[in-house]
Protein chains: 2
Amino acid sequence: MGVIQTVGRPIGTRPVAAHRESDLPLDQILMGDCIAALRSLPDKSVDMVFADPPYNLQLGGELFRPDGSHVDAVTDAWDKFDTFAAYDAFTRTWLAECYRVLKDNGSLWVIGSYHNIFRVGTAVQDLGFWILNDIIWRKSNPMPNFKGTRFTNAHETLIWASKGEKAKYTFNYRSMKTLNDEIQMRSDWEFPICGGQERLKKDGHKVHPTQKPEALLYRILLACTRPGDVIADPFFGTGTTGAVARRLGRRWIGIEREPTYCAAAIERIEAALPLDESALATMQSPKAQPKVAFGTLVENGYLLPGMPLMDAKRKWRATVRADGSLLSECGQAGSIHRLGSLLQNRPTCNGWTFWHYELEGALKPIDAMRQTWLLATQP
Amino acid sequence: MGVIQTVGRPIGTRPVAAHRESDLPLDQILMGDCIAALRSLPDKSVDMVFADPPYNLQLGGELFRPDGSHVDAVTDAWDKFDTFAAYDAFTRTWLAECYRVLKDNGSLWVIGSYHNIFRVGTAVQDLGFWILNDIIWRKSNPMPNFKGTRFTNAHETLIWASKGEKAKYTFNYRSMKTLNDEIQMRSDWEFPICGGQERLKKDGHKVHPTQKPEALLYRILLACTRPGDVIADPFFGTGTTGAVARRLGRRWIGIEREPTYCAAAIERIEAALPLDESALATMQSPKAQPKVAFGTLVENGYLLPGMPLMDAKRKWRATVRADGSLLSECGQAGSIHRLGSLLQNRPTCNGWTFWHYELEGALKPIDAMRQTWLLATQP
DNA sequence: GCGGCGCATGAATCCAACG
DNA sequence: GCGTTGGATTCATGCGCCG
């Protein structure tokens, strides 16, 4: 059992709290083993647990970008587990403590990737939690798949759960709808990854390998807690949860083993800078996605593979193929833009306006089809 | 053990198949219990399994015994733990059969929602599958949350897995990149839910409650199978997998218990038109092109021994030798790739794009010469 | 001061064929 | 099976430098 040490003096004011809460180490970091620290907290004492546990990535060798540069991977000891069984045992232990520590109407948030989230989700259900939603964090700027071997891993998954089917959890429906231009907030959220000024650095290096964006925590706390509520974070890291909680007038309890992370978190939360303006902007008005790939129209049957296309003067002809590429009469193939530029021997070409299809003898640009698609699918 | 009955005559032609495959019930539906039907298939005989298993376990609906048979009455004696345990046992049984039936380089796709996907994903990992991606189907037109009690459940999750860490699965990277306007395909896909003309109806009612959109299967089959590959679907429903497989020139095996669904599927698949071969062709990776040795270009006079080469920034220089190796100024020698990596002190280097020759003052990569050679010698 | 270009980097289970 | 070698492979963003 690790030694637990309370780090940092109380930050911010201490408002009137329920008698039970007066024993809580509010707005402080418990430095030490996460399970031991959770065990030190009383039953049914916190309103939310937010947890960002190790992902158990199981990475292979080193990875290099196509330009030869080295990818800085997560190789920290805290992410290594010998077997799935070991990871499951750890997961179930800390989750069981979270269940005990949560008030009956409190709720749990956990974030993970495909490496661990299925095991976490199974444990969540087995321990009696009731899953309310799974939420997808769509990264607007994920790291590409450099070797072209899989789909770009462009999202992470969060689980939101109450303590049971009948529990009366907090959900600020109106706040979410307002935040989303008067449309119900969906289960897929788009945010950039944490970088720029927000990313904590020391000597030019990132302090924590997996710092989460404040915008993500902002939306979670705004949606599922009330001012004054207590949020516990058993994998506190550099304190994103604490920083956002403080700014939103919530109380927090952090648990973290690494002294380096604790120190960075304390400093950060005391500074408690307002949200970066760009983060606020991305948060409040989800980017419209007017971009449509030509392949989308093929996949959805707006154009059929084998269909002939031509330019406005019927000088060049090509047929659509199953993957959304075009095949010209002379055997050249490529995307609508690339083939158009190839045939005309020009550096660029807007395939949407260059290529046409025939409808009752008349030629229409394929861009017309894109407009039809947008009308049919946009709210 | 359920009775298995083969439904529907073979659809389409039966091409020359490997002797093992000749025993498969290709392009047919096995009507009966899913686990019994899977057991009737030989080991390592299919290229892909696509599965859309039931997941209405908590909605007062179906329950399954570990052998897959149906439990009619949900009694109160079945508490949550028993319910999850029964679902897990069922899941592991059919997944284990899928593992057995898949070829070593085949892959598995499963779709689900937060009700079941965590249990499915855990089982997938425990059975030895190696998860390659989880994919998010973002619904462009999801059903709203009418009571305003949660986030709009606007997505479903798919898992793509190989039979092990070392397995060489099929992934048509170029096709996916082409389909997505020359940007790597990401792990979040947007499609509308299945409706309109595509949605199968009888007497004004939908035939199947959870019919999947063909666009979803189209992308999956295009990405992870080749023409002629065999796709098995143990929860065939109304045959979306079969219809798309036929259109894309793939073979299919369906398994379905409900005669109503089987009948609808047969009718639907017979109406689906296969694409002709030219439309089916997709963008190929350069890997598929015949390899050209640098020495071949030297032998054929495209480059002359003694000719100087340099990188794009003229930082390094080397001369061509008669055997197709390069000699640097500092006396190091090796293949175009090896010398490039040596000079830059990097683990790898693509010599074709690293080395350039000078033509009228401008630098051109030697890869351009390879392309010229390929065009001159390919039929 | 501003715009353009080059460079760095992010939770990553990241090669294939041949001898 | 394993070691060697050929050669395929990246998107969005922020920041700093330079003209």
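When reading the values below, keep in mind they use all heavy atoms of this one structure, side chains included, and skip hydrogens, waters and symmetry mates. Please read these numbers as outputs of a predicted model, since none were measured by experiment. Order of the sequence lines sets the chain letters (A, B, ...), proteins ahead of strands, with each chain counted from 1.
Atom-to-atom, CD of A:E62 to P of C:dC14 comes out at 12 Å; the value is rounded to the nearest Å. Separating the OH atom of B:Y169 from the P atom of C:dC14 is a distance of 8 Å, rounded to the nearest angstrom. Atom CE in A:M143 sits about 13 Å away from atom C1' in C:dT13, given to the nearest Å. The interatomic distance linking A:K201 (NZ) with D:dC15 (C1') rounds to 9 Å, in whole Å.
Of the inter-residue distances, the one linking B:F294 atom CZ with B:H337 atom NE2 reads 9.5 Å to the nearest 0.5 angstrom.
Taking 3.5 Å as the limit, the base of D:dG14 and the side chain of A:R199 contain no donor-acceptor pair of atoms between them. Judged by distance alone with a 3.5 Å cut-off, a donor-acceptor contact links the side chain of A:K212 to the base of C:dA11. Residue A:R150 places a side-chain atom within donor-acceptor reach of the base of C:dT13, judged by atom type and a 3.5 Å distance cut-off alone.
For B:N345, the CG atom counts as loosely surrounded, since its 6.0 Å shell holds 12 or fewer non-hydrogen atoms of other residues, nucleotides or ligands. Around atom CZ of B:R346, more than 12 heavy atoms belonging to other residues, nucleotides or ligands sit under 6.0 Å away.
Looking at heavy atoms from C-beta onward, A:H155 lies in side-chain contact with B:D134 at the 4.5 angstrom threshold.
Side-chain proximity of A:Q58 to the nucleotides C:dG10, C:dA11, C:dT13 is greatest for C:dT13.
Using a 4.0 Å heavy-atom cutoff across all strands shown, B:K168 reaches no nucleic acid atom at all. Within 4.0 Å (heavy atoms only), B:K166 reaches no atom of the nucleic acid at all. Residue A:D72 is in sugar-phosphate contact alone, with no base atom involved, counting any heavy-atom pair closer than 4.0 Å across all strands shown. No contact: A:S113 has no heavy atom under 4.0 Å from any strand. The residue B:N133 sits apart from the nucleic acid: no heavy atom pair falls under 4.0 Å. A:F64 comes within contact range of no nucleotide atom at all, as no heavy-atom separation falls under 4.0 Å. Among the protein residues, A:N153 comes within range of the sugar-phosphate backbone only, with heavy atoms under 4.0 Å from sugar or phosphate atoms but none that close to a base.
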Pair B:W160-B:W109, ring-ring contact (aromatic ring centres under 6.0 Å, His included): steps then yes or no: CA-CA 5 Å; B:W160 176 38; B:W109 281 82; 5.7 Å; yes
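Salt-bridge annotation for A:R186 and A:D188: present, with a side-chain N of the basic residue lying under 4.0 Å from a carboxylate O of the acidic one. With salt bridges taken as basic N to acidic carboxylate O contacts below 4.0 Å, none links A:R338 and B:E182.
Along DNA chain D, the nucleotide closest to B:P347 and the one closest to A:G196 are compared, and the more 5′ of them pairs with B:P347. Closest-nucleotide positions on DNA chain C for A:C194 and B:W130 were compared, and the one nearer the 5' end corresponds to A:C194.
When base pairs are accepted only as Watson-Crick or G-U wobble with both N-N or N-O distances under 3.5 Å, DNA chain D takes part in stems of 3 or more pairs at C:2-10 with D:11-19, C:15-19 with D:2-6.
A stacking contact between A:F146 and C:dC14 is absent: the pair does not combine a ring-centre distance of less than 5.5 Å to the base's six-membered ring with planes differing by less than 30°.
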